[in-house]
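Notes follow the structure.
Per chain, numbering begins at 1; letters A, B, ... match sequence-line order.
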Amino acid sequence: MKQIIHIARKEFSDGLRNRWMLAISLLFAVLAVGIAWFGAAASGQVGFTSIPATIASLASLATFLMPLIALLLAYDAIVGEEEGGTLMLLLTYPLTRRELLLGKFVGHGCILGMATLIGFGSAAVAIALLVQDVSYSTLVFAFSRFIFSSTLLGLVFLAFAYVLSSQAKEKTTAAGLALGIWFLFVLVFDLALLALLVVTEGRISPELLPWLLLLNPTDIYRLINLGGFEAGGQGLGVMALANDLPVGQLVLWLCLVVWAAVILGLAHWRLAKRAA
Amino acid sequence: MTVVVELKQVQQSYGDLQVLHDMTWQLRAGEVMGLFGHNGAGKTTTVRLILGLIQASSGEVRVLGGEASESRVRQQIGFLPENVMFYPQLTGRETLQHFARLKGAPLAQVDELLAQVGLTAAATKRVKTYSKGMRQRLGLAQALLGQPKLLILDEPTVGLDPIATQELYRLIGRLKDAGTSIIICSHVLPGVESYIDRAVVLARGYLEAEGNLNQLRNQAGLPVQIRVQGLTSEFTHPEIHSQRQLTAQWLELSVTPAAKLDILREILKLQPQDLEVRPASLEDIYCYYMEKAGAVGIAGVQQ
């Protein structure tokens with residue numbers, strides 16, 4: 001346990017020092033404030049519209065950004081240590097591979113969590129201060145749910161990054177694979193699902209299809225954030241399938257946690273197999 | 001004396017490739033051992049086995065009375081890898097503090113060690129600004145965290161200037177006196193020669209020779225070189241293997257070690273101007289065993 005904290009502490013201070021955390025926080029804050037005020041510009045409105053609309057726009061954005069940032073943050077976690085010669089050295093220390101991996105996970109997770117909290121939290125504060133007659137309880141509920149689920153989504157992709165990093169022999173390979181994972185889950189999966197719908201012309205059992213969404217953590221994440229609003233429940237594209245999904249929010253959260261745990265387990269398995 | 005490292009009939013294979021054959025030797029407390037061999041002879045594999053990074057395919061590796069994978073054992077091992085860049089964005093002091101925490105060594109030791117390796121002035125500079133020699137010093141300080149009972153140094157003098165190299169060997173002497181066992185892997189044979197108690201010579205994955213330098217010299221039967229200046233008459237002796245004329249009236253004789261004193265007495269009778277006697281060096285011994293093993297000019301690939 002102590003070893004996990006030591007590794008996490010080092011990763012966290014790395015994140016502070018190379019200004020990763022500052023950059024992510026700033027990016028999130030600027031984008032969130034921008035979306036809150038100009039998100040409806042396409043429909044001819046400028047200014048804050050509603051909390052559900054803002055969260056929906058923010059969630060679409062975070063679906064792209066969180067996985068990318070998490071993968072960027074951690075793709076070299078293992079292979080980078082090896083290239084620096086420190087992986088072999090660390091493994092001669094009283095430190096297990098599990099502790100090394102969990103330490104990195106906790107450290108990187110804290111960076112992501114803090115940056116998300118600061119970035120999106122400041123947008124929430126700005127809305128609370130600047131917008132008149134906004135419901136504070138809805139604001140706090142929607143934004144805390146959004147911040148927590150975004151962090152959880154980030155954790156899933158951190159775990160993916162460790163799998164790649166434990167597998168790859170070179171940093172550049174890991175970077176390439178990371179991009180591939182991002183492409184697969186953020187872009188290809190939904191398109192493939194839609195294509196499946198069209199090609200099979202509905203011959204697939206309609207009960208089964210919505211469950212396929214649970215195979216993509218980014219879809220689970222969007223379901224979490226789109227649900228629960230009276231007005232915002234109608235999703236677009238594959239999200240429309242979610243209306244047929246007979247599961248509650250809690251199950252969705254649980255699915256995301258399971259994703260993170262399973263992928264982290266996979267990463268540990270790959271790391272354990274890796275030659276020191 | 002207590003045995004610190006013990007290898008018993010260790011075999012190691014990577015897939016079909018067997019890289020260590022029947023390796024058996026011991027290292028006792030307070031001994032300094034040199035581990036030598038050509039590239040790919042199995043030095044790195046041997047070190048990895050001792051460090052517990054890999055498990056032997058068969059045979060037994062015991063370190064400090066246990067398995068090298070136990071954390072109790074690991075806490076007492078210091079290791080200087082051949083090539084380590086560390087974390088470029090951390091300072092020298094932060095790097096050592098990080099490793100001290102992981103090893104459970106007192107943080108107060110960090111500044112002592114930085115002073116010991118001459119990095120006090122650079123302690124607050126980031127490691128990315130360090131030269132190769134400075135990183136090597138940092139690596140050495142790292143290896144000394146927690147006062148290890150077993151120290152493994154892989155090419156410790158690479159990148160060090162001559163004075164730092166001498167300091168390193170002096171440090172090794174002090175640690176040895178304090179009871180630390182030390183394994184040095186090096187290709188800089190003349191440097192380590194006078195600091196090692198024992199040598200283990202590997203070639204093609206086999207243990208070629210093991211013992212102190214005198215034992216190895218005798219075992220190899222390598223000749224002693226005698227150089228004489230200003231001999232007035234021809235000199236012959238049945239125990240002279242070969243002789244050649246060098247510059248400035250120097251004559252170099254290769255003689256059987258056992259006949260060395262006898263021949264010297266004969267030479268002194270001829271009143272030479274100057275005399276040098278050089279027993280077979282570690283390098284000669286090394287070359288002898290490499291030739292014997294047919295391992296000249298082969299190089300393996302690092303696994």
What's the spacing between L89(A) CG and L53(B) CG if we round to 0.5 Å? 9.5 Å
Spatial distance of atom CG (L91(A)) from atom CZ (R74(B)) [nearest 0.5 Å]: 7.0 Å
Would you mind checking which part of E99(A) comes under 4.5 Å of any heavy atom in chain B, side chain (CB onward), backbone (N, CA, C, O), both or neither? neither
Under 4.5 Å from any heavy atom of chain A, what part of L90(B) do you find: side chain, backbone, both or neither? both
What part of R135(B) gets closer than 4.5 Å to chain A, counting heavy atoms only: side chain, backbone, both or neither? neither
Are more than 12 heavy atoms, taken from residues, nucleotides or ligands other than [X], located less than 6.0 Å from that residue's [atom1] atom?
{"X": "R72(B)", "atom1": "CZ", "result": "yes"}
{"X": "R270(A)", "atom1": "CZ", "result": "yes"}
{"X": "K132(B)", "atom1": "NZ", "result": "yes"}
{"X": "Q89(B)", "atom1": "CD", "result": "yes"}
{"X": "E60(B)", "atom1": "CD", "result": "yes"}
{"X": "E170(A)", "atom1": "CD", "result": "no"}
{"X": "F148(A)", "atom1": "CZ", "result": "no"}
{"X": "K176(B)", "atom1": "NZ", "result": "yes"}

Heavy-atom pair with the smallest gap, counting every atom of T86(A) and F86(B): CG2-CA, 3.8 Å
Chain B contacts, top residue of T96(A), L95(A), D14(A) (heavy-atom pairs, under 4.5 Å): D14(A)
Just give me the residue among K2(A), Q3(A), R17(A) that pairs up with chain B most often, heavy atom to heavy atom, under 4.5 Å. R17(A)
How about residues 93-107 of chain B versus chain A: which residues have heavy atoms under 4.5 Å apart? E94(B), H98(B), F99(B), R101(B), L102(B), K103(B)
